[in-house]
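All figures in this text were calculated on a predicted structure; none of them were measured in a lab. To find a chain, count down the sequence lines: A is the first, B the second, and so on, and within it residues start at 1.
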Amino acid sequence: MLYINCPHCGMRSQNEFSYGGDASVKRPELNKEVSDQEWDDFVYNRKSLRGKHLELWQHISGCRQWIKVERDTSTHEIFRTFKADEEVA
Amino acid sequence: MQKYSIFNLVKNAFSNHENWDLAWKDPTPKEEYDVVIIGGGGHGLATAYYLAKEHNITNVAIIEKGWIGGGNVGRNTTIIRSNYMHDENGLFSEFGMDLWRKMSQDLNYNVMFSPRGIINLAHSDAQMNAYARRGNSMRLNGIDAVLLNREQVKEIIPMADFSENVRFPIFGGLMQPSAGTARHDAVAWGYARQADSMGVDIIQNCEVTGFDVATGKIKGIRTSRGNIKAKKVGICVAGSTNILAEKLNMTLPIETHLLQACVSEPVKPVLDNVVTFGAGHFYVSQSDKGEMVMGGDLDGYNSYAQRGNLPTLQHVLTEGIAMMPFLSKLKMLRTWGGIMDMSMDGSPIIDKTHIEGLYLNCGWCYGGFKATPASGWTFAHTIAQDRVHELNAGYSLNRFSTGNLIDEKGLGTKTWIS
């Protein structure tokens, strides 16, 4: 069982959350000419890192906020959690 | 190579079975190979076997980080089927079914292929319609499919929950009678033994640490046991695909996720077929030892852990109990996990890459085991001829940018949208 420290609600079990994938993916800017390659990278291509991975989770059975979680994909250790709009250094 | 036969069995009995040849050797890597296959799982071993058998290319090495058969080929639920709607998947898998039927003879190794049939249960009228459509598509591609009504399903699997007031009543099901199971380890060992006998070097405990690429062409690989030159390199490393892609500066439409399976304590024969729950993701069959072999959903978040987490297992088994209540009385014997190369449309990739001489085989999602022979056969063809075969032409790497996705289930890595 993972325990995720929701920045809004505190430490909760993974059962309250749903996963939203890689949080480092950036949508191409609006009103800008976007190449096929850029769309591909946004929609399909993923690094899927082994080790530290910044990802989105939604506290679906809690505050329903989207949050960012920095987690190790091979040990499942959770290092830090962030609010969705927080910049991650 | 000694043939496995009743006569050799009797002959070797006289020497207490101490003089059998090794099934495969443990060679030191040579300086150069015509083809290097990275990954000694089912697909890698099958690729090497068909390179030697179909294309007469025997200066081949298989480079395996761990030991052969230690990855997903030893971690699956052994289901073999071709019950796909789309042509790309249906024709590819049905070609594989033919290879499965001949495999024990072909490899001189009993892979215990058991065509016991698979039944996908339907729990609504809409699902029955969808199954009728899929069944018709399958039959158009020459794959056997039978649409069963509730009574027919009840006759085959009376232990399922047919009571009236359940959340997901059984309306019927789609059956592929020729689907089945096989002994997964034997598949790896059978391919390994035959490939080895034809001159393929199976190099275990050897991790690939990098690639030598010059002027857009592959020159060789770097490994924990030294550099190896190669004219062609094929990657089939399932859940580790992204790790190797990173070394090549490639980003792929693949994410690595964890899939769990489990078996119960052995019980007397109760279930003849493979059965899947249609209102969720759960499947079950009974092994020859009597264990109920079960599996279902991904753990749901990127993982390289090769071990699972309890919430998903609990969720999957809840579905199992909804389908067959007697499962709740069984004790769990083992659970385990494997890391899956989940592609974005849920279908695999067998293709050339932008680097000349480098080939990619990945994206097998939930269904890697059943594809073992067809994947090996088509990947060997792609490598040997430097062009894709018509069977794997749909499994192209660029289908995501061209929009030619194979929308079999439309799920891929994003289990949370289901």
Side-chain angles (χ1 to χ4, degrees), chain A residues 1-6 11-28 34-62 64-79 81, chain B residues 237-258 297-315 337 339-346 349 354 362-363 397-405 412-418:
Chain A
M1 178 78 77
L2 300 182
Y3 286 95
I4 300 172
N5 190 11
C6 172
M11 195 67 88
R12 299 297 176 89
S13 101
Q14 98 184 59
N15 287 337
E16 295 187 10
F17 294 85
S18 82
Y19 185 64
D22 190 337
S24 67
V25 178
K26 289 260 186 304
R27 190 187 193 284
V34 181
S35 69
D36 287 354
Q37 184 60 48
E38 283 172 287
W39 277 124
D40 277 359
D41 287 341
F42 170 62
V43 181
Y44 298 118
N45 295 334
R46 295 290 180 270
K47 290 201 173 110
S48 191
L49 303 170
R50 179 171 62 177
K52 262 189 194 175
H53 188 241
L54 189 70
E55 55 204 19
L56 292 168
W57 289 76
Q58 190 187 10
H59 195 182
I60 196 153
S61 305
R64 299 193 65 81
Q65 295 294 309
W66 283 92
I67 61 168
K68 289 184 212 166
V69 175
E70 189 182 58
R71 183 180 61 92
D72 191 304
T73 55
S74 51
T75 64
H76 297 328
E77 183 180 354
I78 292 173
F79 304 102
T81 55
Chain B
V237 294
S240 302
T241 305
N242 288 91
I243 299 172
L244 290 186
E246 197 189 355
K247 298 181 199 300
L248 288 157
N249 290 322
M250 286 168 79
T251 322
L252 298 172
I254 298 277
E255 271 183 12
T256 296
H257 284 257
L258 186 108
D297 272 322
L298 297 177
D299 266 24
Y301 42 84
N302 294 47
S303 176
Y304 284 92
Q306 277 193 327
R307 63 180 185 282
N309 206 339
L310 219 46
T312 300
L313 206 55
Q314 192 176 25
H315 170 73
I339 53 173
M340 305 293 126
D341 35 337
M342 302 301 295
S343 71
M344 292 293 162
D345 64 353
I349 295 161
H354 69 285
C362 62
L397 180 55
N398 72 0
R399 70 175 182 269
F400 299 92
S401 50
T402 58
N404 292 311
L405 277 76
T413 63
K414 296 178 178 56
T415 53
W416 62 87
I417 60 176
S418 65

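For A:Q14, the part lying near chain B is the side chain, with the backbone staying farther off; criterion is any non-hydrogen pair under 4.5 Å. Residue contact with chain B, scored on non-hydrogen atoms closer than 4.5 Å, involves the side chain of A:W57 exclusively. Using a 4.5 Å cut-off between heavy atoms, A:N15 touches chain B through its side chain atoms alone. The part of B:L252 that comes within reach of chain A is its backbone (N, CA, C, O), which places non-hydrogen atoms under 4.5 angstrom from that chain. Heavy atoms of B:L405 lying under 4.5 Å from chain A belong exclusively to its side chain.
Side-chain contact between A:H76 and B:Y304 is absent, with no heavy atoms from C-beta onward closer than 4.5 Å. Between B:N242 and B:E255 the shortest side-chain heavy-atom distance does not fall below 4.5 Å.
Comparing B:I339, B:T312, B:T251, B:L258 by how many heavy-atom pairs each has under 4.5 Å with chain A, the most go to B:T251.
A donor-acceptor pair shorter than 3.5 Å can be found between the side chains of A:Y19 and B:N302.
Under a cut-off of 6.0 angstrom, the local environment of CD in B:E246 is sparse, with at most 12 non-hydrogen atoms contributed by other residues, nucleotides or ligands.
Ring planes of A:F17 and A:H59: parallel class, angle under 30° (limits at 30 and 60°).
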